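Everything below concerns the one structure shown next.
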Number of protein chains: 2
Amino acid sequence: MRVAGISAVKAVVSRVSGPTVTAEAAVKKAKPTIDDVAALSGVGRTTVSRVLNNGPNVRPEVRLRVLQAVEALHYKVNTQARFLAGGRSQTLALVHASDPDAEPNSYYFSGLELGALRACAPEGFRLLMHGLNQHALNRIEAIFDFVRTHHCDGVILTPPFSDDRELHQALLTQQIAHVAVSPGEAVRRQVVGVGMDDEAAGYELTRYLLGLGHQRFAFIQGLENHASAESRYAGYGRALSEAGLSPLSMATTRGNFTFRAGADQAVRLLNVPQRPTALICANDDMATGALFAAHRMGLRLPADLSVVGFDDTPVSEVVWPPLTTIHQPIKQIGARAVERLIDLLNGAESADAGFEAVPHRLVVRESAARFE
Amino acid sequence: MRVAGISAVKAVVSRVSGPTVTAEAAVKKAKPTIDDVAALSGVGRTTVSRVLNNGPNVRPEVRLRVLQAVEALHYKVNTQARFLAGGRSQTLALVHASDPDAEPNSYYFSGLELGALRACAPEGFRLLMHGLNQHALNRIEAIFDFVRTHHCDGVILTPPFSDDRELHQALLTQQIAHVAVSPGEAVRRQVVGVGMDDEAAGYELTRYLLGLGHQRFAFIQGLENHASAESRYAGYGRALSEAGLSPLSMATTRGNFTFRAGADQAVRLLNVPQRPTALICANDDMATGALFAAHRMGLRLPADLSVVGFDDTPVSEVVWPPLTTIHQPIKQIGARAVERLIDLLNGAESADAGFEAVPHRLVVRESAARFE
DNA sequence: TTGAAAGCGCTAACAT
DNA sequence: ATGTTAGCGCTTTCAA
C-alpha cells in the first residue's frame with residue numbers, strides 16, 4: 001500500500017512534461033514566457049529582454065508597452081533559463097568565521113543566515129555558507145578558491161571579515177561583487193554594507209541607564225576585530241563623556257560573545273569593593289551569562305545590579321529578569337545584504353549607496369532599574 | 001571614491017561573460033559539462049544522463065566507467081540546465097500554520113526552516129514558505145493554488161498539517177509529491193515522514209522523573225491536533241502505568257506551545273492544595289513559561305518543583321534553573337524532510353521507506369531534582 | 001533602435 | 001543498451 005502510493009507519485013513526476021495530455025495541462029495555461037510578452041507587445045524577444053534587464057536603446061514608448069504586457073500576463077522571468085543563457089550561477093556565498101573563539105553567537109548567525117536564505121529564494125538564488133578561520137594566513141586565497149569552485153556570483157562578508165581591509169581590497173581587485181554585514185566606520189566608505197547604527201545604539205542605551213540614575217558602570221566588550229561591537233562601546237563612551245563621567249575610569253573587559261564569556265567576565269567585574277551598579281554587555285548572550293553569574297553571586301536583580309545587552313535575542317525575553325536591550329533586526333540585515341548584492345550584480349542604480357542602516361530600538365524590560 | 005569602487009564592480013559583472021578575454025578565463029578551465037564526461041568515458045551524452053539520474057538500461061560496466069569520469073573531472077550537474085530541460089522548477093513548498101493560536105513556537109519553526117533551507121542549496125532547490133490557517137475550509141484548495149502558482153515540485157507538511165488525512169489524501173490524488181514532518185502514528189503508514197520518536201521520548205523523560213522519586217505529576221499538553229505532542233503524553237502515560245500510577249489521576253491541561261500558555265497553565269496546575277512535585281510540559285517554551293510562573297509564585301526551584309520540557313531549544317540552556325529536557329534535532333529533521341522529498345522526486349529507491357526517526361536524547365540539567 | 005539567430009547544459013522523445 | 005535530435009526560456013552576438 002505504502003509502496004504503491006509512492007510509485008504513483010514517481011510515475012507522475014517523470015511524466016509531467018511529457019506529451020501526455022493531462023487534465024492539469026488542459027485546465028491551466030502554461031506559464032507565460034518571454035515570447036508571449038514579445039507577441040503581446042508587438043516587439044521582438046530581444047527588446048523584451050532589454051527592458052527586463054534595464055538595457056539601453058529602447059524607446060520609452062516601447063518600454064512602456066512591454067512593461068504593460070508583462071503586467072497583463074503576470075510574467076516573471078525564469079531565473080534558471082536566464083542563468084543558462086547568461087552564464088551566471090545564481091549562487092551567493094556567505095562567509096563567516098568558523099574559529100570557535102571568534103564565532104558570533106549562534107542566534108545572531110542563524111538569524112542572519114535565515115534572513116539571507118529567505119531573500120534568496122524569491123530571486124531564484126541559492127546561498128552557500130562558507131566558514132573559515134579568520135586568523136588563517138590564506139584566508140583570502142581560501143575565499144577565492146571557494147568562489148571559483150562553486151562559481152559564486154558574489155559574496156557576503158560577516159564580522160569580523162566585514163572589517164578586513166585586505167580582504168576587501170583583494171575582492172575589489174579580483175572584481176568579485178560583495179557586501180559587508182555590519183562593517184565598522186573605517187570601511188563604510190569603501191564597501192557596500194548593511195547593519196544597524198551601533199554607535200547610536202550604544203549611546204541610547206547608556207543614556208537610558210544614566211537617566212535611571214546610574215553613575216558606576218562596567219562594560220563587557222566584544223572581540224577587538226569586530227568593529228560593530230567596538231562602536232557599541234564608542235557610543236557608551238560618548239554618552240558617559242557628555243554626562244561628565246570618564247569612560248576610562250569605569251571597568252572594562254572583553255569576551256567572545258558567548259554566555260560563558262559573559263558569566264566569567266561578570267565575576268571579574270563584580271567581585272570588587274566598589275561594585276558597579278550597571279553592567280553593559282556587547283551582546284545579549286554575554287548579558288545572559290552575566291545575569292547567571294550575578295544570580296550565583298547572590299545579587300538581587302535588578303535591585304543590586306542593572307544588566308543590559310544588545311541584539312534582543314529570543315533568550316533575552318525569557319531570562320530572569322527579562323533583559324532590557326537594543327533590538328537589532330538581524331534577519332532583516334541578512335535579507336538586505338542579499339538584496340543589495342543582487343542589485344549590485346544586476347547593475348541597479350540603487351546599489352550605489354554605501355552603508356545602509358537598518359532601524360534599531362531600545363527594548364525596555366526588567367533587568368535595568370532605577371538606582372538611587 | 002565610493003562610487004568609483006562600486007562602478008568597477010558593476011562594469012565587471014556585466015562583462016563577465018562577454019567576449020573580452022579576461023585573465024580569469026585564461027587561467028582556469030571551464031566547468032566540465034555532461035559532454036566532457038561523455039567524451040572522457042567514451043559514451044553518448046544520453047547515457048551519462050541516464051547514470052546521473054539512476055535510469056535503467058545501462059550496463060553496470062558502462063555505468064562504472066561514467067562514474068569514474070565524473071569523479072576524475074569533478075563534474076557536478078548544472079541544476080539550472082537540468083530544470084530547463086526537464087521542466088521542473090526545483091522549487092519546494094514548506095507549509096506551516098499561520099493561525100497564531102496554532103503556531104508552533106518560533107524556535108521550532110525557524111530551526112525547521114533553516115535546516116530545510118540549508119539542505120536545499122546544495123541540491124539547487126529553493127524553498128518557498130507558505131503559511132495558512134489550519135481551520136480554513138479551503139485549506140486544501142489554498143495549498144493547491146500555491147503549488148500551481150509557484151510551480152512547486154513538491155511540498156513539506158509541518159504539524160498540524162502533517163496529520164491532516166484529508167489533505168494527505170488530496171495530495172496523493174493530485175499526485176503531488178510530499179513528506180510530513182513529525183506525523184503521528186496514525187498516518188505513518190501512508191506518508192513519507194521524518195521526526196523523532198515522541199512516544200519513546202515521553203516515556204524516557206517520565207522514567208527519569210520516576211527514578212528521582214516523584215509520584216505526583218502534572219502535564220501541560222499541546223494542542224489536540226498535533227499528534228506528535230500527543231505522543232509525548234502517551235509515552236508519559238505508559239511510564240506511569242508501568243509504575244503502577246494512574247495517568248488519569250494526575251492533573252492535565254493544554255496550551256498552544258507558547259511561553260505565555262505555559263505560564264498561564266502552570267498557575268492553574270500549581271495553585272492547588274496537593275501541589276504536584278513534577279511538571280512536564282509538551283515543549284520547552286511552555287516549560288520556560290512554567291518556570292517563570294513558579295518563580296512568581298515564590299516556589300524554590302527545583303527544590304519545591306521539578307519542571308521539564310521537550311525540544312532543547314537554546315533558551316532551555318540559559319533559563320534558571322537550566323532546563324532538563326529531551327533534545328530534538330530540529331534542523332536535522334528539516335534537512336531530512338527536504339532530502340527525502342528530493343529523493344522522491346528523483347525516484348530514488350531509498351524514498352520508499354515510510355517514517356524515518358531521527359535520534360533524540362535526554363539532556364539532564366538542573367530543573368529536575370530528587371524528591372524525597 | 002530593433003530583431004534574427006546562435007547557443008547555455010541538460011533531459012526526453014525517438015531512433016537504432 | 002545506447003545514440004541522435006530537439007528543444008526548455010533566456011541572453012547575447014551580429015546584422016539591419
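This one's a predicted model, so the numbers in the text were calculated from it and none came from an experiment.
Here the side chain of A/Arg63 pairs no donor or acceptor atom with the backbone of A/Asn54 at under 3.5 angstrom. No side-chain donor-acceptor contact under 3.5 Å links B/Arg188 to the backbone of B/Gly354. Proximity of a side-chain donor or acceptor of A/Asp153 to a complementary backbone N or O of A/Leu92 within less than 3.5 Å is not detected. The closest donor-acceptor contact from the side chain of A/Gln80 to the backbone of B/Ser89 lies under 3.5 Å.
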Taking it one step at a time, do B/Val338 and B/Leu94 satisfy side-chain contact (heavy atoms from CB on, under 4.5 Å)?
CA-CA 9 Å; B/Val338 164; B/Leu94 178 58; over 6 Å; no
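For A/Ala85, taking side-chain heavy atoms from C-beta onward, the closest of the listed nucleotides D/dT2, C/dG3, C/dG7 is C/dG7. Listed candidates were C/dT11, D/dT2, D/dT11. Nearest to the side chain of B/Asn53 is C/dT11.
If you measure from atom CG of A/Leu52 to atom C1' of D/dT11, you get 11 Å, rounded to the nearest angstrom. The interatomic distance linking B/Lys31 (NZ) with C/dG9 (P) rounds to 10 Å, in whole Å. Rounded to an integer number of Å, the gap from CZ of A/Arg65 to P of C/dT2 is 9 Å. Following rounding to the nearest Å, A/Leu345 (CG) and D/dT11 (P) show an atom-to-atom distance of 14 Å. Separating the CG atom of B/Asn57 from the P atom of D/dA1 is a distance of 4 Å, rounded to the nearest angstrom. One atom, CG of B/Leu84, and another, C1' of D/dG9, lie 5 Å apart when rounded to the nearest Å. Rounded to whole angstrom, the span from the CD atom of B/Gln90 across to the C1' atom of D/dG9 amounts to 15 Å. Between B/Arg50 atom CZ and C/dT11 atom P there is a gap of 12 Å when expressed in whole angstrom units.
At least one side-chain nitrogen or oxygen of B/Thr47 sits closer than 4.0 Å to the OP1 or OP2 atom of D/dG3.
For B/Phe146, the ring-ring contact (aromatic ring centres under 6.0 Å, His included) test picks out B/His130, B/His150, with sequence neighbours left out.
The base of D/dT2 lies outside donor-acceptor range of the side chain of B/Arg59, with no N or O pair under 3.5 Å. Interface remark: the A/Ser49 side chain does not form any donor-acceptor pair with the D/dT12 base, using a distance-only criterion of under 3.5 Å.
When heavy atoms are screened at a 4.0 angstrom cut-off, A/Thr46 is found touching base atoms of the nucleic acid.
Of the residues in residues 73-82 of chain A, those placing a heavy atom less than 4.0 Å from an atom of DNA chain D are A/Tyr75, A/Val77, A/Asn78, A/Ala81, A/Arg82, in numerical order.
Atom OG1 in A/Thr79 sits 8.0 Å away from atom CZ in A/Phe125 (nearest 0.5 Å).
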